[in-house]
Amino acid sequence: MVANRIKLLREQNSMTQSALAKKLNVTRSAVNSWEMGISVPSTALLVDVARLFHVSTDFLLGLKGSATLDISELNDREVLLLQQLINYFLSTRNTIP
């Protein structure tokens with residue numbers, strides 16, 4: 001579960017394993033091992049990964065099926081636009097092929 005989520009988040013953010021490794025101050029082979037499920041990040045690194053990608057550790061661990069989005073740096077207008085976009089997606093969920 002952790003392996004898939006780290007890889008998914010890395011790819012969604014157009015980041016290479018090397019770039020992620022550099023941000024976390026680990027080797028590329030460490031990131032590769034996490035993504036292959038050979039090893040798992042330490043608790044401290046798991047927290048760093050969650051902060052980097054703005055998700056919860058529960059999401060990374062598969063304890064929570066949905067991701068959270070940190071909107072603390074958005075202004076009121078941006079939050080409203082984001083909410084409207086979410087509402088649009090939810091309302092058209094069954095109508096978009």
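Basis for what follows: all heavy atoms, side chains included, without hydrogens, waters or symmetry-related copies.
Two residues are said to be in side-chain contact when any heavy atoms from C-beta on lie closer than 4.5 Å; Ile38 and Asn32 fail this criterion. Side-chain atoms of Leu20 and Asn13, non-hydrogen and from C-beta on, never get closer than 4.5 Å to each other. In this structure, Leu46 and Trp34 have side chains that are not in contact, with every pair of non-hydrogen atoms separated by 4.5 Å or more. With contacts defined as side-chain heavy-atom distances shorter than 4.5 Å, the pair Pro41/Val31 does not qualify.
The distance from the OG atom of Ser72 to the NE2 atom of His54 is 8.0 Å, given to the nearest 0.5 Å. To the nearest 0.5 Å, atoms CZ (Arg5) and OG1 (Thr57) are separated by 12.0 Å. The distance from the OG1 atom of Thr92 to the CG atom of Asn87 is 10.5 Å, given to the nearest 0.5 Å. For the atom pair CG of Leu81 and CD1 of Ile86, the computed distance is 11.0 Å after rounding to the nearest 0.5 Å. The OH atom of Tyr88 sits 15.5 Å away from the CD atom of Gln83 when rounded to the nearest 0.5 Å. Atoms CZ and CG, on Phe53 and Leu60 in that order, are 9.0 Å from each other to the nearest 0.5 Å.
Of all the heavy atoms in Met1 and Gly62, the pair that sits closest is CG-CA, 3.5 Å. The minimum heavy-atom distance linking Ser56 with Ala50 is given by the pair C-CB, 4.1 Å. The shortest non-hydrogen separation linking Leu24 to Leu45 is O-CD2, 3.8 Å.
Enclosure of atom CG in Asn75 by more than 12 non-hydrogen atoms of other residues, nucleotides or ligands within 6.0 angstrom is indicated. Atom CD of Glu73 has 12 or fewer neighbouring heavy atoms from other residues, nucleotides or ligands inside a 6.0 Å radius. Around the CG atom of Asp76, the shell of radius 6.0 Å holds no more than 12 heavy atoms that belong to other residues, nucleotides or ligands.
Clustering ILVMFWY residues whenever any of their side-chain heavy atoms sit less than 4.5 angstrom apart, transitively, puts Val55 in a cluster other than the one holding Val40. Put simply, Val2 and Met36 are part of two different groups of oily side chains (I, L, V, M, F, W, Y) that touch within less than 4.5 Å, one to the next. The hydrophobic clustering, which links ILVMFWY residues whose side-chain heavy atoms are closer than 4.5 Å, places Leu61 and Leu9 together.
Here the rule is side-chain contact (heavy atoms from CB on, under 4.5 Å) with Gln17, and of Lys7, Lys22, Glu35 only Glu35 fits it.
Between the side chains of Ser18 and Thr16, no donor N or O sits under 3.5 Å from an acceptor N or O.
Glu11 places no side-chain N or O within donor-acceptor distance of the main-chain N or O of Leu8, the cut-off being under 3.5 Å.
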